[in-house]
> 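Sharing a structure here in C-alpha cells format.
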Number of protein chains: 2
Amino acid sequence: MKVQTTSYRELIARQGLRVTPQRMAILEAVHKIGNHPTADQITDFVRKAHPNIASGTVYHVLDTLVQHQLIKRVTTDRDVMRYDGIMESHHHLYCLECNDIQDYVDVELNALLQEYFKSKKIEGFEIKEFVLEIKGTFNKCKNR
Amino acid sequence: MKVQTTSYRELIARQGLRVTPQRMAILEAVHKIGNHPTADQITDFVRKAHPNIASGTVYHVLDTLVQHQLIKRVTTDRDVMRYDGIMESHHHLYCLECNDIQDYVDVELNALLQEYFKSKKIEGFEIKEFVLEIKGTFNKCKNR
DNA sequence: GTGGTTGCAAACCCTTTGCACGGCA
DNA sequence: TGCCGTGCAAAGGGTTTGCAACCAC
C-alpha cells in the first residue's frame, strides 16, 4: 500500500519530464495528504522539507502533473482547486454538510456503467471516463 | 417548453422569498442562457434589462437561489462558478477539448443507479442525489 | 552548455463584504 | 412602516504571470 519515494522519480521520468526535487515533493504530498488537498495544503506540506518553494511553483507543478496524468483535479462547486493522486477509476462522495469529498471505489459500479454505455451510445460524443458524484451526508454530520 | 415570466415570480414566492425584479431577471437569465452560464454571463444578460444591477447583487442572488433550490451550482475543475437552471435529476458531459459542459438527461440511467444503490448501501453515508460526470470529447472537437 | 524550472513578487480577476439607500410585503 | 434586498466600492484571496537565476539532462 505504501508508495516508495523512488516511485515518484520513476513516474515523473516516465512522462518525459525533468525530475526535480519540487516535482517529486509535490507528487508525494498529493499522495501522502490524501483526501483531495488544496494547493494551499500541498504548499504547507512541501515546505516542511523545502521551505523556499514558491506558491507559484506549486501551482505550476500541479498543472504539469495534471497535464501528464500523474494527478487529477477534483471537480467541486466551490472556488478552490483540489487534487487527487488516485489515478484508477473511482467515484466521489460529496457531503452536503461538511463539504468533505471522500473517495468511493466500486469496481462493480464501474463495470455496470461500462456495460450500460456499451449499448447506449451518446450521439456525437466519445466517452473517455466516468466519475459519479454521490451527494448526501455522512452520518457523523447529520446533527449540526 | 417555453417558461413564462410569471412562473419565475411564482417559483420565487413559493420559496417564501421576496419577489424582486433582480431575482426574477437572474432566474430567467440562468434558464434562458442555458449551457451553464458563469456569473459574468448572467450579469451581462441581466444588464440588458437592468443596466444598474451590481455584480455583488448577482452573486448574492445566485447564492440565495441555490440555497432555495431554484438553481444548482455545476461542479467544475476550473475556478469559475457555473450555474444550472434544470432542477430535475440529470447528468453532465464534460468535453476535454473545448471545456464545454452539456446536460445529459437519461431516465433509464437514473433508474439503474437508484436500483444499484438500493441494494448496495454505502457505510455511514446517506445518499441524496447522483450526478454522473461523463468525460470525453465531442466529435466536432476531435481535430484541434 | 542550454533550455526547461524555480523563486519572488506583483498583477489579475472572480467573489465576498460593509454600509447606506431603496423598495417589497 | 419595518426590514430585507440592492447598489456601490473596496477588500479579499486564490491563481496566474513575468523575469532573472538556477539546474537537470
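A note on names: the letters A, B, ... follow the listed sequences, proteins ahead of strands, and every chain is numbered from 1.
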> Mind calculating the distance between CE (B:M24) and P (C:dC24) to the nearest angstrom?
9 Å
> Could you check which residues of residues 58-72 of chain A get a heavy atom under 4.0 Å from DNA chain C? Sort them by number, please.
A:V61
> I'd like to check A:D84 versus A:D103 (side-chain heavy atoms, cut-off strictly below 4.5 Å). Are they in contact?
yes
> What pairs with B:R73 under salt bridge (Lys or Arg N to Asp or Glu O under 4.0 Å), at least two apart in sequence or on another chain?
B:D63
> I need the NE2-P distance between B:H50 and D:dG7, as an integer number of Å.
9 Å
> Please name all residues satisfying ring pair (Phe, Tyr, Trp, His ring centres under 6.0 Å) with B:F45, sequence neighbours left out, ordered by chain then number.
none
> How long is the line joining CD of B:Q15 and P of D:dC4, in whole Å?
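So the two atoms are 18 Å apart, to the nearest Å.
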> Specify the separation, in whole Å, of atom CD of B:Q41 and atom C1' of C:dC14.
14 Å
> Is any side-chain heavy atom of A:I26 closer than 4.5 Å to a side-chain heavy atom of A:L65?
yes
> When you match A:R23 and B:M81 each to their closest nucleotide on DNA chain C, which lands nearer the 5' end?
A:R23
> Please report how far the helix from C:dG1-D:dC25 to C:dA25-D:dT1 bends, comparing the axis fitted to its first five pairs with the axis fitted to its last five, to the nearest 10 degrees.
50°
> B:F138: what forms a ring pair (Phe, Tyr, Trp, His ring centres under 6.0 Å) with it, not counting sequence neighbours?
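In terms of ring pair (Phe, Tyr, Trp, His ring centres under 6.0 Å), with neighbours along the sequence ignored, B:F138 is linked to A:F125.
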> Backbone N or O of A:L132 within a donor-acceptor pair of the A:H91 side chain at under 3.5 Å?
yes
> Side-chain donor-acceptor contacts of residues 15-25 of chain B below 3.5 Å, not counting sequence neighbours, with atom names and distances?
unit_1: B:T20; atom_1: OG1; unit_2: B:R23; atom_2: N; d: 3.1
unit_1: B:R23; atom_1: NH1; unit_2: B:R18; atom_2: O; d: 2.9

> Looking at residues at least two apart in the chain, or sitting in another chain, which of them share a side chain to side chain contact (heavy atoms under 4.5 Å, CB included) with B:E126?
A:T137, A:K142, B:K128
> Considering residues, nucleotides and ligands other than B:H50, do more than 12 of their heavy atoms fall under 6.0 Å from its NE2?
yes
> Once ring pair (Phe, Tyr, Trp, His ring centres under 6.0 Å) is applied, do any residues pair with B:F130, and if so which ones, sequence neighbours excluded?
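Here the qualifying residues are B:F117.
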> Scan residues 109-121 of chain B for pairs that pass salt bridge (charged side-chain N to carboxylate O under 4.0 Å, His left out), counting only residues two or more places apart or in two chains.
A:D106-B:K120, A:E108-B:K120, B:E115-B:K118
> Sugar-phosphate means primed atoms, P, OP1 and OP2; the rest is base. With that split, encode nucleotides 18-25 of chain D 5' to 3' as B, S or - using protein heavy atoms under 4.0 Å.
------BS
> Determine whether B:T75 and A:E133 satisfy the following criterion, side-chain hydrogen bond (donor to acceptor under 3.5 Å, both in side chains), listing intermediate values before the conclusion.
CA-CA 9 Å; B:T75 60; A:E133 300 174 5; 2.5 Å; yes
> What pairs of nitrogen or oxygen atoms, one from the protein and one from nucleotides 8-10 of chain D, lie under 3.5 Å apart?
unit_1: D:dC8; atom_1: OP2; unit_2: B:N52; atom_2: O; d: 3.2

> From CD1 of B:I12 over to C1' of C:dG23, roughly how many Å is that when rounded to an integer?
15 Å
> Could you list the cluster mates of A:I101? Members are the ILVMFWY residues connected by side-chain heavy atoms closer than 4.5 Å, either directly or through other members.
A:V74, A:Y94
